[in-house]
Protein chains: 2
Amino acid sequence: MLTERQLLVLQMIIDDFIETAHPVGSRALSKKESIPYSAATIRNEMADLEEMGFLEKTHSSSGRTPSEKGYRYYVDHLIAPLSNQHSIKLIRNIIEDGFYEFEQIVQMSAEVLSELTNYTSIILGPELSETRLKQIQILPLSPHTAVAILVTDTGHVEHRTFTIPEEIHSSDLEKMVNILNEKLQGVPIIQLQEVFHREIAGLMRKYIRDFDKPYDYLQAIFSQEHPVKLYIGGKSNILMQPEFNDVDKIRSFYTMMENEDEIANLLKNSKHGIGVSIGNENEVDAIKDLSLITASYQIGEGQMGTIALLGPTRMEYRKVISLLSSLSNEMSEALYKWYKSSD
Amino acid sequence: MLTERQLLVLQMIIDDFIETAHPVGSRALSKKESIPYSAATIRNEMADLEEMGFLEKTHSSSGRTPSEKGYRYYVDHLIAPLSNQHSIKLIRNIIEDGFYEFEQIVQMSAEVLSELTNYTSIILGPELSETRLKQIQILPLSPHTAVAILVTDTGHVEHRTFTIPEEIHSSDLEKMVNILNEKLQGVPIIQLQEVFHREIAGLMRKYIRDFDKPYDYLQAIFSQEHPVKLYIGGKSNILMQPEFNDVDKIRSFYTMMENEDEIANLLKNSKHGIGVSIGNENEVDAIKDLSLITASYQIGEGQMGTIALLGPTRMEYRKVISLLSSLSNEMSEALYKWYKSSD
DNA sequence: GTTAGCACTCATTACTTCTGAGTGCTAATT
DNA sequence: AATTAGCACTCAGAAGTAATGAGTGCTAAC
């Protein structure tokens, strides 16, 4: 168990280090007003804290830096929530503007977020699993090309241009679209391909002669991957952090950031509510010297997406955590309203 | 005027430097098979070439590096076109696959391009000035929300979700869409807002009572910015270049790359055909120590877009120039076919 | 329990020296 | 007259050394 004084020292060291990125020495600490002890006393406490694993030294005669365990303790016990009216207002303005589509809101939030924090923000867009097909439309552009447009009940629009095979005549096309709409409306996006294959393909064969080629094409339209949308903001912000003073670090960071799949995985497994992974607590090797703060936002019952901030382990946890939790509330609320009005 | 031998020396120095990034010395050059002269002779030629401004030294006893003037001469006179069957095949495969929409092709090309070269590729998407509205559709999602979908004759789809003001009734909505389609089909995207304002607003006032609110909303739909699409590929590729060994350089590079407007401007002014801007020849300060190779691609008569590669002045001009010119041909051709089949 | 004092450590910086790749010039060679 | 060998000279970069100072751990005094 830590004494009052040890808590104070630990907190002050971490706060100081987060601010300055320089190891904190006993003398400097003792000069602060809120600590009435001498450097020697503090040195003793520091030694104890180090023994317990909360602090580290970069070399034998350096000041102390927080260890990952130290940060963990700090996050779990030492941070008082911080109100950030101002930041929230910024984001609320975007959301309430009313002119932006949901995905735009998400993207703009990512940018604001990374600007407010100077870390890199990552937002995993709403999962499509819950959204359903509202309408499908095929619009001929020319005798041989057409664009297929899928609209979901959340207002998400996907489209795909394709060449019309010779075998299909425009009357057939109309028939097909009618059947598709009749049978597929309300079907969850994620099951489209399956339902199409199971229920519709057969039906169509009856109405449309020579269906094999068209079948392939429609198949292709539905098989379009529905990648989870990933928004990344402020990739270059993180370069301002003194931790990234090394060309190799920058290289490996950017190389990782280009692999969107990996990042998506990172966030997919994040837990409900606020999650904090410090350094080696992260399962992905590439960010074992960074910290990742995640916040899930919801719509109705099912979880839908994740907002995250990626920064050095020396992160402004207090600010970031309260910011993210407010943001996730705002977004959940906005989504809830939206969803409700759609019923 | 340069002698044969000077040309040879200049060419070999530049080739060598492009490959290795190390200043080239006389002794190393004299050892190459294609040069039958001694180091001393070459030193004399080098001194002359330096005096003429084609070469530089990094310090008084270093080997020579090409000056910008040297690169310029190299590009203008010394590079033989290079055939790159292999690379072209890669890209042609993407284009001819037939399943991709035009914008996807552009984006994928950008990625392939930067992978083939290890530079950063920038593609300025087709200008919308020439494309026309094919159809407008408004699809209600719920009693109070709807999504507006605009489709152009090139198969480009834009959409926007908005809240339906209380004043509009669904029958009115239908009427409006009919009028819009009737009047706006075939209008160039870029003039949509103007035409709407000039010809339609008045008409609608006749049919729909209480039109002021709806007017604002429609206005908003058409005023949606139609930003020129910019695709950037391989931002982190360029980190592998030894020129980017310095954290500050990396910072300023990435900071620039986040300013899409600036980049778009860079390319907008690029000339017809292939353009090569070396170092200070660039008008934008941020890339005065880089080289930019641009190639325009066309559709029918009007210029439509630009492909570019950004790399260090020590760039593989030969490879890049021939690659870009092939690519621009491929794309122009593909676009031409597409456009033709749309008529 | 707290603090002053002192010897000790070690990253960082500045200052040297050494090395080697490369030059420019001159004199000898072809 | 053109080419080359030879040699003194330059300078970046590596390697080694010394000085500096922020910081520690420990002991003894308060």
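Since we're looking at a predicted model, the values are computed, not measured.
- Atom CD of A/Glu45 is separated from atom P of C/dT3 by 11 Å (rounded to the nearest Å).
- Every residue meeting the salt bridge (Lys or Arg N to Asp or Glu O under 4.0 Å) condition with B/Glu243, not counting sequence neighbours, appears here in chain and number order: B/Arg314.
- Atom NE2 of A/His59 sits in a crowded spot, with more than 12 heavy atoms from other residues, nucleotides or ligands closer than 6.0 Å.
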With a 3.5 Å cut-off and sequence neighbours excluded, list the donor-acceptor pairs that the side chains of residues 14-23 of chain B form with protein atoms.
| from | atom 1 | to | atom 2 | distance (Å) |
| --- | --- | --- | --- | --- |
| B/Asp15 | OD1 | B/Tyr74 | OH | 2.6 |
| B/Asp16 | OD1 | B/Lys32 | NZ | 2.7 |
| B/Thr20 | OG1 | B/Asp16 | O | 3.1 |
| B/Thr20 | OG1 | B/His22 | N | 3.1 |

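- Annotation: proximity of residues 11-22 of chain A to DNA chain C (heavy atom, distance under 4.0 Å) is found for no residue.
- B/Asn329 pairs by the side-chain contact (heavy atoms from CB on, under 4.5 Å) definition with nothing, not counting sequence neighbours.
- By the salt bridge (Lys or Arg N to Asp or Glu O under 4.0 Å) test, B/Arg5 is found to be paired with B/Glu45, residues two or more places apart in sequence or in another chain being considered.
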Practice problem: For the pair B/Thr41 and B/Ser38, evaluate side chain to side chain donor-acceptor pair (under 3.5 Å) and give the outcome as yes or no after the intermediate values. | Solution: CA-CA 5 Å; B/Thr41 311; B/Ser38 77; 3.2 Å; yes
Counting only pairs under 3.5 Å, give me each side-chain donor-acceptor contact of residues 46-56 of chain A, with atom names and distances, residues two or more places apart or in other chains.
| from | atom 1 | to | atom 2 | distance (Å) |
| --- | --- | --- | --- | --- |
| A/Glu50 | OE1 | A/Arg64 | NE | 2.9 |
| A/Glu50 | OE1 | A/Arg64 | NH2 | 2.8 |

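- Rounding to whole angstrom units, NE2 of residue B/His59 and P of D/dC11 are separated by 9 Å.
- Of the candidates C/dC10, D/dA12, D/dT4, the closest approach to any side-chain atom of B/Ser38 belongs to D/dT4.
- At least one side-chain nitrogen or oxygen of A/Thr41 sits closer than 4.0 Å to the OP1 or OP2 atom of C/dT3.
- Under the rule for a salt bridge (Lys or Arg N to Asp or Glu O under 4.0 Å), A/Asp261 has no partner lying at least two apart in sequence or in another chain.
- With sequence neighbours excluded, the residues satisfying salt bridge (Lys or Arg N to Asp or Glu O under 4.0 Å) with B/Arg72 are B/Asp76, B/Glu281.
- One can place OH of B/Tyr37 at 11 Å from C1' of D/dA2, the figure rounded to the nearest angstrom.
- The ring pair (Phe, Tyr, Trp, His ring centres under 6.0 Å) check on B/Tyr254 picks up A/Tyr254, with sequence neighbours excluded.
- Partners of B/Tyr317 according to the ring pair (Phe, Tyr, Trp, His ring centres under 6.0 Å) rule, which considers only residues two or more places apart in sequence or in another chain, are B/Tyr71.
- Across residues 241-251 of chain A, not one residue has a non-hydrogen atom less than 4.0 Å from an atom of DNA chain C.
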Quiz item: What string of B, S and - do you get for nucleotides 13-27 of chain D 5' to 3' if you count protein non-hydrogen atoms under 4.0 Å?
Solution: ---------BBBBB-
